[in-house]
Every structure is written in structure tokens, then in C-alpha cells.
Enquirer: 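The structure that follows is given in the form of C-alpha cells.
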Amino acid sequence: LNTVVLVGSPNVGKSVIFNYLTGAYATVSNYPGTTVDVSHGKSKINGNLYEIIDTPGMYSLTPFTEEERVTRQLLCTKKSDVLIHVVDTKNIRRMISMTLQLMDAGFPVILNLNIIDEAKQAGIIVNTELLSAILGIPVVATAAVRKAGLDNLKKEVRNYKYRKGTVFKFSDDIENIIDRVSSKLTHNYPFSKRMTALLLLAGDDTIQRLAATEPAYLDIADEIKAAAEKYEYGIDYELTVQRQAIVEKILASCMIRGKPARQGLMEKLGCWTRKPITGIPILCLVLYIGLYQIVGKFGAGFLVDYIDNNIFARYINPQIEHIVNQHIPWAWMQSLVIGEYGVFSLGFRYAVVIILPIVGTFFLVFALLEDCGYLPRLAMLVDRIFKYLGLNGRAVIPMTLGLGCGTMAVMVTRTLETRRERVLATFLLALTIPCSAQLGVILALLSHNNLALMLWTGYIVTIFIIVGWITAHILPGQRSSFYLEIPPLRLPLLSNIVTKAWMRMFWYFIEILPVFIVTSLIMWFADRSGALLFIVKLVEPVIRLLGLPTETAQAFLLGFFRRDYGAAGLYDMSSSGLLTDRQLLIAAVTLTLFIPCVAQLAVMVKERGLKLTLLMVFVISLLAFSAGYLMSLLLTVYNIPL
Amino acid sequence: VKKAIPITKFKSGDVVQIVSLRKDDRHLHKLAAFGILPGSEVEILQVIPAYVLKIDHTQIALDYEIARNILVYKQKRQGF
């Protein structure tokens with residue numbers, strides 16, 4: 001099986017090409033760094049089967065972030081038959097230097113000039129044939145989103161025969177050093193000897209470890225040391241600068257920079273969303289419409305009601321009850337399906353009626369924002385605020401995604417640069433950020449009382465900031481700086497948004513439905529065996545301290561399996577009039593802060609390790625109940641009527 | 001000889017040419033990947049709440065901490 005690997009900077013369209021070649025789906029967006037994992041797929045090109053691999057974006061062969069490390073690792077271990085370097089043509093000047101690196105490394109490179117349509121708009125025209133002749137490798141122009149040129153790309157893959165490509169020399173001094181180092185290399189390396197020498201000079205840890213057992217390692221180390229001292233900025237930077245000079249020379253002969261087309265509406269809008277004077281009102285508008293109106297009112301309000309009353313209560317519930325009563329003679333088994341903790345009434349119905357519409361609408365909104373390129377602007381606008389929390393603007397993506405699904409968000413914390421930031425973000429996600437399902441239910445619960453809703457929002461935001469600030473000061477480690485590419489605002493493709501939202505929803509559903517079912521089974525068993533009563537008794541004193549009815553204890557236990565599940569439990573209690581607004585507010589606060597669902601915990605353990613997760617769980621439980629208690633005290637002391 | 005000054009001394013709309021970057025900056029290589037290299041021409045699009053620089057057709061947002069390490073000359077040509 002021949003292997004085709006797609007590499008390139010973030011946000012150049014690798015995933016679009018992957019989707020086209022394989023017919024499978026990899027997340028495509030207008031946000032740098034959305035592919036955090038390697039995707040595999042198969043493609044039939046002219047009768048031959050190929051394995052296609054999509055990689056997280058990387059800017060150069062020397063990795064800086066976790067995603068880049070993932071790609072580098074893959075390039076080191078997986079032998080590719082064709083390596084397609086996808087670049088954004090309008091930024092060709094800064095992208096070709098990685099092509100040169102890949103060629104130096106000895107990879108079978110095809111250069112793919114993608115997004116050629118935007119380049120034309122920007123007045124950039126590249127002579128692909130001439131570029132191909134200069135580089136000595138195939139060059140194909142495409143506009144993947146518009147499906148233009150993709151047949152040519154397929155053709156090049158099918159007809160590909162290994163060509164080394166032109167070797168572009170650095171200055172003589174450097175070439176001499178490269179020669180001296182590479183002549184001493186005797187092991188097998190994942191890259192060509194030339195590239196291995198270059199990476200060694202650049203101080204690459206991974207390669208250095210491989211080379212440490214070379215017989216002539218001491219000589220090599222001396223060479224590297226001497227080279228490092230020779231250049232003011234270090235040899236790595238010197239290589240980068242020289243490589244850029246080579247790129248300029250190449251492009252001088254085959255690229256024309258004409259006048260860009262007039263600023264369109266998208267450019268203007270892109271500018272408005274970026275400047276604080278217009279950007280902050282737009283940000284508020286986006287949050288208000290996106291989160292409150294669409295997810296809160298439409299998803300959690302209208303859709304949940306509609307599905308519950310008009311579909312389930314009218315058609316499905318009676319049907320199931322009828323079947324169960326007809327065919328299952330034993331009461332215990334009836335209750336297993338349709339009882340209070342039944343697999344159907346609790347597990348399936350909650351998942352479909354309450355959770356699905358909320359999560360679905362959230363993912364639609366998120367996909368829209370992602371694809372039009374709004375998120376990096378959001379990151380830039382809130383950077384300063386996030387700095388106070390020991391994070392930077394980049395963290396806005398996992399945080400906002402956390403408003404959709406905390407589990408997914410913890411996975412995306414990988415895009416943050418330092419371990420410290422990843423720990424901070426994971427903690428804040430687990431403590432303060434309610435997922436869309438929980439958020440939706442809480443909005444629905446509190447929306448009839450504006451004061452309660454405002455108090456809840458203000459309280460959670462305050463805790464988010466205070467706890468974030470304190471944690472940032474306790475946790476050791478370096479402060480991180482903010483830098484992010486701001487992509488152009490693009491008119492998103494509706495089909496892409498729907499597919500993406502659908503894929504995420506599907507993933508979510510597949511992941512949660514079993515948890516719901518298992519949870520209802522455990523609850524049913526605990527209820528029947530009396531264990532539930534025992535645990536509830538244990539938690540009751542705490543609950544009573546908060547001034548809540550003891551039934552709330554169950555909602556909290558449910559909340560451990562899924563946070564939203566707990567909120568949904570509150571929803572049921574409030575529907576049957578068991579909670580006053582004051583109690584509702586305290587319960588909502590405590591539950592929002594309480595430990596995340598089982599799935600999020602599992603991902604936390606996987607990403608951050610068991611010890612740290614347990615510590616977080618302990619701190620979070622403590623904080624959640626103290627905050628709830630404090631809220632009830634505040635309400636009493638200030639005598640706030642709800 | 002003109003003296004190179006930090007890009008943070010300029011205002012939005014200015015077009016500058018990068019002379020060098022402070023050596024001790026640990027972001028040197030990341031910036032290089034964005035095209036922020038000696039010789040590049042950069043337009044400053046905005047400075048608040050973060051710096052947004054335009055290099056060719058790429059817009060990059062940077063915070064003050066990084067931006068102050070970029071040393072530049074002012075270009076004659078005004079921004080478009």
C-alpha cells in the first residue's frame with residue numbers, strides 16, 4: 001500500500017484535500033491548529049489503493065508546539081511514498097522555505113499551491129511550470145474548497161516517481177560545516193544525512209539523542225559547538241535567514257505581484273472585528289445571539305420543549321410504555337426500562353430530548369464562527385484578560401469549546417504551548433466552564449427570573465477570574481506570550497458547517513449515550529439495592545448546609561456521571577415545583593462548579609495524568625460546595641429577594 | 001546611519017522594515033515562520049489590545065512582550 005502524507009502550515013487546506021481524496025471527514029476550519037491528531041484514510045486513485053495521512057499543521061521541520069511534534073514524529077517513523085506539501089499561495093514567500101527543508105530531508109515532495117483563488121484576488125500570480133523546473137519537483141496549483149485542480153493533484157500522485165529535487169546551497173562556510181558533520185554520520189536516520197546534519201546544527205533534541213551513539217559523536221559535538229558560537233544569532237537562525245534569501249531568489253523569477261483587488265466587504269468586516277472599538281460590541285453581539293438566543297432560547301428552550309412535548313410525550317413514551325407493560329411481566333424489569341432511573345426514561349430520553357438539541361445548536365454556532373475565521377480575532381481581543389489568568393488569547397478556543405463540550409475542550413488544550421497553560425486551562429474548564437448541555441438547562445431553569453440569572457452569571461464569572469488569578473500565581477512556570485495568525489474572514493460553506501457540526505454531534509452522541517445508559521443502570525441498581533439511599537444520606541448534611549432540599553443530592557450524584565445530567569435532574573425537580581428560585585440559584589452555582597462528568601474526567605486523566613486529576617477533583621469539590629455555601633450566606637446577609 | 005528602534009514605538013498605519021530581533025527572544029524561530037525576518041517589510045495594522053502586523057498577505061497578532069523585541073526602521077512609503 002502506497003502512503004501519501006499531507007503536510008503544511010496550519011490553515012492552508014490540508015484537511016479539505018484529505019476529505020476530497022478519501023471521501024472521509026477530517027475537521028476543516030478557518031482556525032489554525034484544529035487538526036490536533038493524525039487522520040488516516042484510504043483513497044483509490046486510478047485503480048491503485050493509497051493510504052492518505054493528514055497531519056496537524058507545522059511551520060517548519062523543527063517543532064515548537066505539541067501538534068508540530070505530532071507531525072514531526074510521524075515524518076520520522078512513517079515512510080511516505082509521496083509527501084504533499086500544501087501551501088497557501090498568497091503567502092508563498094514564507095511557505096516555500098519548508099518545501100526546501102522537506103526536499104533537503106530527502107522526502108518525495110509534491111508542492112501543492114493551494115487557495116490559488118485568493119492569491120489571484122491578492123494580485124499574486126505564480127508560474128507553476130517554472131517553479132517546478134527550478135525546484136526540480138512537481139508543483140500543482142489548486143483551489144481545493146472550489147474543487148479546482150484536484151484532478152491534476154491526483155494525476156501527479158499517480159504518476160509520481162522519486163525525484164530528489166534541486167539542492168540549494170547555503171553559504172560556503174555553512175556547506176563546509178554540513179559536509180564535515182554529515183561525513184561523520186554512520187547510523188540510519190529518519191532523514192537524509194544532509195538534513196540530519198542541519199537538524200543537529202539546529203540543536204534538535206530528538207536527532208541529537210539518535211546521534212549520541214555515533215562513534216565520532218565527540219567530534220560532531222565539537223563541530224556543533226564551534227558552529228553555534230560562530231554566528232551571532234546561532235546557526236539555526238542563520239540557516240533560516242539564508243533559506244529565506246534563497247526563497248526570494250527563486251520567487252523573483254517565477255512570481256508576479258500585481259495590484260490586489262479592491263478591499264471587499266469581507267476585508268472591511270475583518271478589520272472591524274479586529275479593532276477594539278468595533279470589535280468588542282461585535283463580540284458581545286456574537287455571544288448574545290450565538291449563545292443566548294440560539295443555544296439558550298432556541299436550542300434549550302424551544303427545541304427541547306418541542307421534542308419533549310410534541311414528539312416524546314405524544315408518540316414515543318406511550319408507545320414504549322405500552323410495549324413494556326405488554327411484554328414484561330416483572331415490575332423490577334419494567335422499572336429498569338421506564339422507571340424513575342430506567343434505561344429509557346432516564347438514559348435515552350435525557351440524551352435525546354435534553355442534551356442533543358442543545359449540543360447540536362451549540363456545535364452549529366461554533367462551526368460557523370470557526371469557519372468564517374472569527375475565533376482568532378476573539379482570541380486577540382481577550383488576550384489581555386486571559387493574561388491575568390496566566391493564560392493567553394490562544395486559550396479562548398478551548399474555553400469557548402468548553403461551553404460546548406468540556407471533554408472535547410480538554411483534548412484541544414493540546415494546542416496551548418506550555419504545560420503550565422495546559423494545566424491551568426484544564427482546571428478552569430473542569431471548575432467553571434459549564435458545557436452547552438448544562439448551560440442550556442441552567443439558562444432554561446433560571447430564565448424566568450432575571451435577577452437569579454444575572455447573579456449566577458456574575459458569580460461564575462467572578463469565580464472564574466479570582467480562581468484563575470490565584471491559580472496562575474500559585475502554579476510555577478514561565479509566562480507565555482501570545483502570537484497568532486489572523487486568517488482572512490471567509491464566507492463559510494454551509495455544507496462544511498453542517499458536516500462539521502454533525503460530525504461533532506455524532507461523536508458526542510456516540511460518546512455520551514453509553515454513559516447515559518450505564519449511569520441509569522447504576523442508578524437503578526443503587527436505588528433498588530438501597531446503596532443510593534446510603535450515599536444520599538452521606539451527602540445530605542452538606543446539601544442541608546446549602547439550604548437545599550435533600551432530593552438535590554441525587555442531582556449532584558447524577559452530575560458526577562454527567563454534569564448536564566445533574567442539571568437535567570434539577571430541571572425535573574423544578575418542573576415539579578420542588579425548588580424555590582433561591583434554592584435553584586444555589587444548586588445551579590454549586591452544580592456548575594462541581595466536578596465534571598465521567599467522560600471529561602477520563603480525558604483529564606489521559607491528558608494530565610491521574611495524580612493531577614485527583615488533586616483537581618479534590619480542590620473542585622471543595623470549591624464548589626464552599627462557593628454554594630457562600631452564595632447562600634450572601635443571599636441571606638444582603639437579604640436579596642428572589 | 002539610522003538607528004533601529006522597537007516596533008512598539010510606532011503607531012498603527014506605519015510601514016516599517018525589520019532590521020533585527022533581540023537575540024535573547026525565545027520566539028525568534030516562531031516569528032521567522034510567520035515571515036518576521038530581517039529585511040521584511042511590515043505594516044502595523046493596530047496596536048490595541050494586541051499588535052497586529054501585516055507581512056505580505058499574512059496578518060499576525062502579537063502581544064507587547066514579543067513585539068518590543070522587533071527592531072525596525074521606518075519606511076518612507078505610507079501604508080495603503
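Chain identifiers are assigned alphabetically (A, B, ...) following the order of the sequence lines, protein sequences preceding nucleic acid strands; residue numbering begins at 1 within each chain.
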Enquirer: For A:D88, is it the side chain, the backbone, both or neither that has a heavy atom under 4.5 Å from a heavy atom of chain B?
Expert: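 No part of A:D88 comes within 4.5 Å of chain B.
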Enquirer: Can you list everything that forms a side-chain hydrogen bond (donor to acceptor under 3.5 Å, both in side chains) with A:R257? Sequence neighbours excluded, please.
Expert: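 Here the qualifying residues are B:D56.
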Enquirer: Decide, yes or no, whether a salt bridge links A:R490 with A:E118 under the criterion of side-chain N to carboxylate O below 4.0 Å.
Expert: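 A salt bridge is present here (some side-chain N lies under 4.0 Å from a carboxylate O).
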Enquirer: Please rank A:V241, A:V382, A:T62, A:L381 by heavy-atom pairs under 4.5 Å with chain B and give me the top one.
Expert: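 Highest number of pairs under 4.5 Å: A:L381.
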Enquirer: What part of B:L53 gets within 4.5 angstrom of chain A, counting heavy atoms only: side chain, backbone, both, or neither?
Expert: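 For B:L53, there is no contact with chain A at all, as no heavy atom is under 4.5 Å.
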Enquirer: Among A:T240, A:D383, A:D236, which has the most heavy-atom pairs under 4.5 Å with chain B?
Expert: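 So the answer, after comparing A:T240, A:D383, A:D236, is A:D236.
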Enquirer: What part of A:S481 gets within 4.5 angstrom of chain B, counting heavy atoms only: side chain, backbone, both, or neither?
Expert: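 Contact with chain B is through both the backbone and side chain of A:S481.
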Enquirer: Using a strict threshold of under 4.0 Å (side-chain N to carboxylate O), is an ion pair present between A:K120 and A:D117?
Expert: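 Looking at A:K120 together with A:D117, the answer is no, because their closest N to O distance does not fall below 4.0 Å.
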Enquirer: Among A:R94, A:M98, A:M380, which residue has the highest count of heavy-atom pairs closer than 4.5 Å to chain B?
Expert: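 The option with the most such pairs is A:R94.
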Enquirer: Hey, does A:Y388 have a side-chain heavy atom less than 4.5 Å from the side chain of A:I465?
Expert: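 Sidechains of A:Y388 and A:I465: no contact.
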Enquirer: Quick check for you: among A:A122, A:A119, A:S9, A:S60, which has the greatest number of heavy-atom pairs under 4.5 Å with chain B?
Expert: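 Among the listed options, the one with the most contacts to chain B is A:A122.
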Enquirer: Test: ring pair (Phe, Tyr, Trp, His ring centres under 6.0 Å). Region: residues 34-63 of chain B. Which pairs qualify, not counting sequence neighbours?
Expert: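 Output for this query lists A:Y59-B:F34, A:Y483-B:F34.
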Enquirer: Heavy-atom cut-off 4.5 Å, strictly under: side chain, backbone, both or neither for A:E248 against chain B?
Expert: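 Neither part; nothing is under 4.5 Å.
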Enquirer: Report yes or no: do A:S171 and A:Q242 form a side-chain donor-acceptor pair below 3.5 Å?
Expert: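 Yes - a donor-acceptor pair under 3.5 Å links their side chains.
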